[in-house]
Structures are given as structure tokens and as C-alpha cells.
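Here's the structure, in C-alpha cells; my notes come after.
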Amino acid sequence: MAILQIILNGLTYGALLFVVASGFTLIFGLARVVNLSHGAFYMFGGYVGYSVCIWAQHLVQTKNSGIAWTAGVLAAGLAGALLALVLSWLLKTVKGELPQTLLTLGLAIMVGDICLWIWGGLPVTLAVPGVLKSPVEFFGIMYPAYRLFIIVIAVAIGALLYFLLFWSQFGRLIRAGVDNREMVSALGVNIDLLFLAIFLLGGFLTGIAGAIGGSYLALSPGTGFQILTVALFVVIIGGLGSLLGSGVGALIVGLVDSFGRVYFNQFAIFLLSATVIVILGFRTQGLFGRKE
């Protein structure tokens, strides 16, 4: 039973990382820039969700209300989308991959300082809805319902993104625009508006992940760079720009981290780094990445 619990912990962490990495993948797939401010999207969204959740609890006068938590998650998504809008505008003012990457790093530092100024340096956590607080029996063990809920949310988001990108006309236009932007524009499609919509979607998903993760893990001023580091592990393993790669990479990172913390606690980060090195040794573009 202990092995099952370790696996479930890894799946929960991997599910959260998938939501974060999917936003990273969407933005990279369009801008072809490694967004080093992505962790700031997560952190800022989580903090905004925390504040809105507290405000909504006072408004409805119901402690740990599911309505308050839902309002916090939606507000976190909007906060992440707002940062994505700011980033998309800033990227237009700078040319070249290296200057754009450095710009995203500067934005991450600015957002981190703003969060520290507004919310202080103490860790905070969003209140889990009461209906998800109690543990449930799962294959003979008692496991927190909220962690299983995170897995369900990640699967639902993955299914929706797959349908949007590979089965809808919107997704076809986006994929065509990534390969040949001028051709799609010549057909009368406002490709800039489509790209902005995907940019906002990537930020929205990352902000949501901040609120969901803020109910599972604590939020603190250093959370942005911590989650960015792990998200980079995910997308490097899975392959930059691949949605399927983000899912597989998140699963691998979650399980390696979970087993590493139980059996090799002092070498948990080393195991993650070693996993990245081994995979890149066989496929330099990641498991599902495409060669340029």
C-alpha cells in the first residue's frame, strides 16, 4: 500500500506540473522563446487567487466555501492571462531570441518583487473546499480527495487542449500559422488575434495552476523560480512545443520526484537532473520534440 501512495503522490504532483507545462508549451510553440517568467505567472496567479478566495469567504460568510475557492481559481486564471497579455506586448518591442528571453527573466524578477511587496514573505495557502477536505478510500488506502481532484482536473484540461489544438478549426489555423504565418494571413485570417488568444490561454492555465497548486503546496516569494525549474525539466524531457510531451514529461518528473523523496531524499534533485541527462543522451530534442 505504501508503494500505491507514493505513486499517487507522484501522479498528483505530475498532474499539477502538466497544467503548468501545458501553458509553457503553448507560449513557446507560438513565440519560440523560452519564457523564464512562466513561474511568475504561476506565483502571481496563486497569490491573486488566495486574496480573492479570502475576500469571497468574507462576502458569502462561509468558511472554506467551494464558491470562494472557485472564485479564487478563476481570478488566478485571469491574473495569469493579464501577465501573458503584458508579455505578448513586450515581446513585440524586442527582436532576437536572446534579448526576448532576458526580457522574460526581467519580468519574472519584477513580478516576484511585486508579490513580495504586496503579500509579504510568509508562506500562504488557499483553503481547500470543504467537500474535498476529507480523505476517501482508494484501492484500500485512505487518500486526500483534493489530490485526486487535481489529477481529474489535469486529465480534463489535457483532453480539452487536445481537442482544441488537433480537432477544431481554431487549432488547425494555429498549427498552420506556426508553420507558415504569412500564408495564413494571406487567406484573410487575423493570425495576430489567434496567436494572442493562445498566449492568453497559456497564461490562464498557468494562473489556474497557481491557485490549484496553492491549495496543495504553499505559496512563497521563491515559488516562481522553483516551479519554473521543475517545469523546465518537464518540457525538456517531453520536448519543447509538444503537448503530449508535456504530459509524459510531467508524469516522469512527478514519479521520479515522489520515489526520490521517499527512498533517496538527499538525492531527489540529482535524480531529476540525471533523468533529464539520460533522456537527452538518447534524444536531444526530448521524447516527443521535433528537430528544427
Legend entry - Heavy-atom check, side chain of Thr12 versus side chain of Tyr216, under 4.5 Å: yes
Legend entry - Hphob cluster co-occupancy, Leu280 + Ile237, side-chain heavy atoms under 4.5 angstrom: yes
Inset, instruction - Report yes if some heavy atom in the side chain of Leu87 is under 4.5 Å from a heavy atom in the side chain of Leu103; otherwise report no. - result: yes
Inset, instruction - Quick one: pull up CD1 in Ile157 and CG in Leu243 and give me the separation to the nearest 0.5 Å. - result: 11.0 Å
Inset, instruction - Measure the CG-CG distance between Leu11 and Leu148 for me, rounded to the nearest 0.5 Å. - result: 9.5 Å
Legend entry - Tyr146 OH to Ser134 OG distance, which is reported to the nearest 0.5 Å: 15.0 Å
Inset, instruction - Find out whether Arg261 and Asp257 are in side-chain contact, i.e. whether some heavy atom of one side chain is under 4.5 Å from a heavy atom of the other. - result: yes
Inset, instruction - Please state whether the rings of Tyr162 and Phe166 are parallel, tilted or perpendicular, taking 30° and 60° as the class boundaries. - result: tilted
Legend entry - Distance, nearest 0.5 Å, that separates CZ of Phe225 from OG of Ser37: 9.5 Å
Legend entry - Validation row: Leu91, Phe199 side chains within 4.5 angstrom (heavy atoms): yes
Inset, instruction - Could you tell me which non-hydrogen atom of Ala84 sits nearest to which non-hydrogen atom of Gly203, and how far apart they are? - result: CB-CA, 3.9 Å
Inset, instruction - Look at the side-chain heavy atoms of Ile, Leu, Val, Met, Phe, Trp and Tyr, link any pair under 4.5 Å apart, and say whether Val152 and Leu160 land in one connected group. - result: no
Legend entry - For the student: nearest non-hydrogen atoms of Ala231 and Val20, plus distance: CB-CG1, 4.1 Å
Inset, instruction - Can you see which heavy atom on Ile27 is nearest to which on His38, and at what distance? - result: CD1-ND1, 4.4 Å
Legend entry - Where Ser246 and Val234 come nearest, the two heavy atoms and their spacing: O-CG1, 3.4 Å
Inset, instruction - Verify, without hydrogens or angle tests, whether Tyr13 (side chain) and Val253 (backbone) share a donor-acceptor contact under 3.5 angstrom. - result: no
Inset, instruction - Begin with the C-alpha distance, continue with both residues' side-chain angles, and end with the deciding distance and a verdict on side-chain contact (heavy atoms from CB on, under 4.5 Å) for Asn9 and Tyr143. - result: CA-CA 9 Å; Asn9 288 339; Tyr143 198 75; 2.7 Å; yes
Legend entry - Heavy atoms of other groups near Leu193 CG, more than 12 under 6.0 Å: yes
Legend entry - Ser273 side-chain N/O to Ile269 backbone N/O, donor-acceptor pair under 3.5 Å: yes
Inset, instruction - Starting at CD1 of Ile212, measure out to CD1 of Ile150 and round the result to the nearest 0.5 Å. - result: 7.0 Å
Legend entry - Min side-chain heavy-atom separation Ile7-Phe259 under 4.5 Å: yes
Legend entry - No-hydrogen, no-angle side-chain donor-acceptor test under 3.5 Å, Thr25 and Ser22: no
Inset, instruction - Taking the side chain as every heavy atom from C-beta outward, state whether Leu36 and Leu102 have any atom pair closer than 4.5 Å. - result: no
Inset, instruction - Decide whether Leu255 and Val19 are clustered together by the hydrophobic rule: side chain heavy atoms of Ile, Leu, Val, Met, Phe, Trp, Tyr closer than 4.5 Å, transitively. - result: yes
Inset, instruction - Return the minimal non-hydrogen interatomic distance between Leu90 and Thr93, and the atom names on each side. - result: O-OG1, 2.5 Å
Inset, instruction - State whether the side chain of Tyr47 and the backbone N or O of Trp119 hold a donor-acceptor pair below 3.5 Å, judged by distance alone. - result: no
Legend entry - From CA spacing to verdict: side-chain contact (heavy atoms from CB on, under 4.5 Å), Val52, Leu74: CA-CA 9 Å; Val52 171; Leu74 292 177; over 6 Å; no
Inset, instruction - Evaluate the side-chain contact (heavy atoms from CB on, under 4.5 Å) criterion for residues Leu201 and Leu161: first the C-alpha distance (whole Å), next the side-chain angles of each, then the deciding distance (0.1 Å), finally the verdict. - result: CA-CA 10 Å; Leu201 177 60; Leu161 286 177; 4.0 Å; yes
Inset, instruction - Spell out, as yes or no, whether a donor-acceptor pair under 3.5 Å connects the side chain of Thr104 to the backbone of Asn35. - result: no
Inset, instruction - Count the heavy atoms belonging to other residues, nucleotides or ligands that lie under 6.0 Å from CE of Met110, then report whether that count exceeds 12. - result: no
Legend entry - Same apolar cluster (I L V M F W Y, side chains within < 4.5 Å links), Met142/Val131: no
Legend entry - Within-4.5 Å side-chain heavy-atom neighbours: Thr206 and Leu83: no
Legend entry - Trp69 and Phe149 aromatic ring geometry - parallel, tilted or perpendicular at 30°/60° bounds: perpendicular
Legend entry - Linked, directly or transitively: Ile279 and Phe18 (ILVMFWY side chains, under 4.5 Å): yes
Inset, instruction - Take Val276 and Leu232 through the test side-chain contact (heavy atoms from CB on, under 4.5 Å) and record every step on the way to the result. - result: CA-CA 10 Å; Val276 173; Leu232 285 174; over 6 Å; no
Inset, instruction - Looking only at non-hydrogen atoms, find the nearest pair between Val94 and Pro99 and report the distance. - result: CG1-CB, 3.4 Å
Inset, instruction - Output the distance between atom CG (Leu272) and atom OG1 (Thr229), rounded to the nearest 0.5 Å. - result: 10.5 Å
Legend entry - Leu8 and Ile141, any side-chain heavy atoms less than 4.5 Å apart: yes
